[in-house]
Amino acid sequence: MTKHKVTIMPDNIEIFVEDNTTLKDNFTEYGINFEFPCGGIGVCKRCKVNIMNDDGFEEALACQCKVKNDLIVEIPRREDKHSILASGLERDVTLDPLAKKFHMQLPYPTLKDNADDWSRLVGKNGVAPSLKVLQTLPDKLRENDFKVTVVIADNEIVSVEKGDTSHTLLGIAFDIGTTTIAGYLLNLKTGEEITQVSTLNPQIKYGADVISRINYAKTSQGLDRLHWEIINEINKLIEKAVKQAGYSSSDIYAVTIAGNTTMHHLFLKIQPKYLVSTPYVPVVTEPLVIDANEINISISSAGKIFVFPNIAGFVGGDTVAAALTAEIDKADKLTLLIDIGTNGELVLGTKEKLLSCSTAAGPAFEGVEISCGMRGATGAIDHISISNEFNYSVIGNSLPRGIAGSGIVDLVAELLKVRIINENGRILRPEEIKHPIGRKYKDRIIEVNGILSFLIEEKTASGQPIYISQKDVREVQLAKGAIAAGIEVLLKTYGAKAEDIDQVLLAGAFGNYLNEGSVCKIGLIPSVLEGKIRGIGNAAGVGAKLSLLSEKEYNRAITLSKKINYIELSAHPDFQPVFLKKINF
Amino acid sequence: MTEKIFNSIVGMEEENALKFAKEYLNDGGDPQKLLDVCREAMDEVGEKFEKGEYFLSELLLSGEIFKGIMDLTLPLLKESEVETIGKIVLGTVQDDIHDIGKNIFKAFAEAAGFEVIDIGVDVPEEKFVEAVKEHNPDIVGMSCLITAGINPMKRTVEALKEAGLTGAKIIIGGGRVDEEIKEFSGADAWADDAARGVRLCKELLGLGVEG
């Protein structure tokens, strides 16, 4: 095969390229930093380079220009990059969204210049035409003096709009949790976050955890129902978000979806039932790009849905998104990422090697299946401390409505310290309490429906007392035991010890409010790691946002998903004995 | 002395329980009576578990204490004197390797007077069939923790039927089983904790629940 020498100026880089390949392909392959805003389909004309020939320089589009002989190429210096911030873990990305718009003023066709409408739009070697766009193209061009805006997503022209609409370009990133769905409406033109919306996952009425959802999906019409619930709720959230900000849902052109594998399958109406029998294989792990109207998501009819890749049956796109946010693919030192939601997913490793697993921790840390539990919203008790005084704080400083995951962890840790709960997790009866501070609170030990409980507050928003019951403490023990055992098995498989871990990144709503001391006191995370733990908020949501704003980040997530190896804990001989050890405090 | 033994079992004092039991037997105590005391103590532990006062580790520990005392006592009893109320073949079904639930149930079933033949974990249906042929139990107990065990339970029930082994009642147990899974698998009863499981086993055999 003939090779040609391409010299890139002004940096004087020489590369040797195959005959008849485009400059774009070679720039990408050789890591030459050059941008193709429209993805290299010939529309935006922003990848102009100068090619030197005998007569001097000639302009060409790097995405269209095929190399047929030795060349000298001059690429212009560009300084128009700008950075945006994503909340949660602060991180810069260059704005290069998954959907893009380009306003164009095309030359009128004449008898001399009588090229067809499509080539007028994209040039001779541009992207292949799509029927949907062609069917409305001629009138759109002619009704607006050949001024149109081209919408590009997934390297195709998804729509041509009349006039200049390039100022209106929104996207929405979704993190679909088993318990909570969160959506982030972003302005893809500026990178700004416009608003956030969230709600409980309405599928909850068919069961709190993924297993009960899957069981329901197996029943007649179960899958249809669960799929409808999630699509309907997402459409409602989209409507709510755009209304708040004075936009229309048709202004949204791209959606990213990060969810665990079960949520992913249900969102796509793919039967998830094989996830619960050995060997727990998902239907698909590859990322997907689908048309919004294919699954009835109410955004622009030209909109695309970008679905995150999965890793395994119980480690899904939400973990991939969280790992992207945490940049675990760049970690030099041993990093542990814990995403605490309804399941606890763990990723351990460095840029060299990454392992993951999923623990059936249950939703206790999200405040679900706890007597007075609630998610971390206004009215939730998020912190508790017990000393000579009993103090707690409430999100939004209102009367308390319930207790959030972080409050539950604090309370259990504090009750352990003052020995109202013993190391086996038992709430002591008032007469058994020996600790001097613990004794001050013996009147708070009450019985609720015959079960020993610790009273937190009587004066509440609902008038009903807020307490933690013995059963709740048992839920916490099961949840923390599962995660702690997962950490130990993962470390052993990796060949490392807890103290080798350089940083622990705790993702999930719970991570926002966590108290490091409490997390270690209850044994969720080994206490040698106290001081190395950082809450990174809803990292899955942030990952979905980053990807929406940057195609590079989206592609990075895909690479990352393939790099993370999976360990099946339910078949691991070490898991059960370690879990039993970790149940106690 | 029997009260001290009872209290140290319920109080999870493993060393004391074994020490007192040894002393009791050395002093010529009645081994049958010792077993009865242990059974009462295990009932008490089961009740405390149901109230949330005790948890998995206590169940396991009490099971170990009970086993320790049984090992001391059984050799002193003639086979004819060891009263059993029924025989159970017990295993964790294929595709599941978890045995916490199975082991706890085993301890409580033995404490209640059942003879338990434990055939291990990840047990394929043929092995259940073989064991039932060999031991002719009153009850077959199948355990699973994870949902992957649900289909194997159904297969095992079918395999027993096909082999014509319909004499034994079938009980399934585990955190994931419920009435629906019982119906699906074709079992006779289900339980998601050991105390309930043992109670149901007695009921299945038409025995009173007071003992």
Side-chain angles (χ1 to χ4, degrees), chain A residues 207 209-216 218-219 272-280 313-314 360 362 371 421-429 432 447-453 469-478 481 568-577 579-585, chain B residues 10-14 45 47-64 92-104 107 120-124 143-155 174-185 192-193:
Chain A
D209 54 23
V210 292
I211 305 286
S212 29
R213 305 277 170 87
I214 295 170
N215 286 339
Y216 187 76
K218 287 184 203 165
T219 63
K273 67 180 178 189
Y274 301 103
L275 291 174
V276 291
S277 9
T278 45
Y280 318 104
F314 290 96
S371 312
I421 290 178
N422 72 11
E423 66 278 8
N424 294 337
R426 184 163 74 83
I427 298 180
L428 302 184
R429 279 184 289 275
E432 293 177 293
E447 262 192 33
V448 181
N449 305 323
I451 294 171
L452 226 51
S453 303
S469 77
Q470 180 67 71
K471 262 196 73 205
D472 299 336
V473 178
R474 299 310 186 192
E475 290 294 329
V476 170
Q477 284 181 273
L478 290 175
E568 178 59 55
L569 286 186
S570 76
H572 200 289
D574 289 346
F575 183 75
Q576 188 182 263
F579 171 67
L580 274 180
K581 265 196 306 185
K582 300 286 183 186
I583 279 181
N584 288 349
F585 291 114
Chain B
V10 176
M12 299 293 138
E13 298 158 22
E14 186 171 15
V45 171
E47 266 174 42
K48 282 181 182 289
F49 174 76
E50 286 188 320
K51 276 193 279 182
E53 218 177 292
Y54 279 173
F55 205 38
L56 293 178
S57 46
E58 286 90 351
L59 293 187
L60 286 168
L61 183 55
S62 63
E64 270 168 40
T92 298
V93 295
Q94 193 162 33
D95 290 342
D96 195 352
I97 57 163
H98 297 95
D99 61 3
I100 302 178
K102 172 180 72 69
N103 294 347
I104 293 174
V121 298
D122 195 9
V123 178
S143 170
C144 81
L145 177 70
I146 52 179
T147 43
I150 292 168
N151 282 321
M153 281 182 166
K154 183 184 169 76
R155 288 205 308 267
R176 278 280 162 201
V177 302
D178 57 20
E179 187 64 28
E180 213 175 298
I181 290 168
K182 186 201 93 173
E183 293 296 324
F184 171 79
S185 66
D192 55 5
D193 77 63

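Per chain, numbering begins at 1; letters A, B, ... match sequence-line order. As the structure is a prediction and not an experimental result, all values here were calculated from the model.
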- Query: Is B:Ile146 close to A:Thr278 at the side-chain level, that is, under 4.5 Å between some pair of heavy atoms?
  - Reply: no

- Message: So that I can tick it off, tell me whether B:Lys51 and A:Glu447 are bridged by a salt bridge, with the cut-off set at under 4.0 angstrom between side-chain N and carboxylate O.
- Response: no

- Can you tell which part of B:Asp122 gets under 4.5 Å to a heavy atom of chain A, answering side chain, backbone, both or neither? neither

- Query: A:Asp472 versus chain B, heavy atoms under 4.5 Å apart: side chain, backbone, both or neither?
  - Reply: neither

- Message: For the CG atom of A:Asn215 and the CD1 atom of B:Ile181, what is their distance to the nearest 0.5 Å?
- Response: 6.0 Å

- Item | Between B:Ile100, B:Ile150, B:Ile97, the one whose heavy-atom pairs under 4.5 Å with chain A are most numerous | B:Ile100

- Could you grab the distance from atom OG of B:Ser57 to atom CZ of A:Arg426, nearest 0.5 Å is fine? 11.5 Å

- How many angstroms lie between OH in B:Tyr54 and CZ in A:Arg474, if you round to the nearest 0.5 Å? 10.0 Å

- Message: Counting only non-hydrogen atoms closer than 4.5 Å, does B:Glu58 touch chain A with its backbone (N, CA, C, O), its side chain (CB onward), both, or neither?
- Response: side chain

- Whether over 12 other heavy atoms sit under 6.0 Å from B:Glu180 CD: no

- Query: Of A:Asn584, A:Ile583, A:Asn424, which is the lone residue that meets side-chain contact (heavy atoms from CB on, under 4.5 Å) with B:Phe55?
  - Reply: A:Ile583

- Tell me, do A:Leu452 and B:Glu53 make a side-chain contact under 4.5 Å, heavy atoms counted? no

- Message: Measuring from atom CG of B:Leu145 to atom CZ of A:Phe579, what distance do you get when rounded to the nearest 0.5 angstrom?
- Response: 8.0 Å

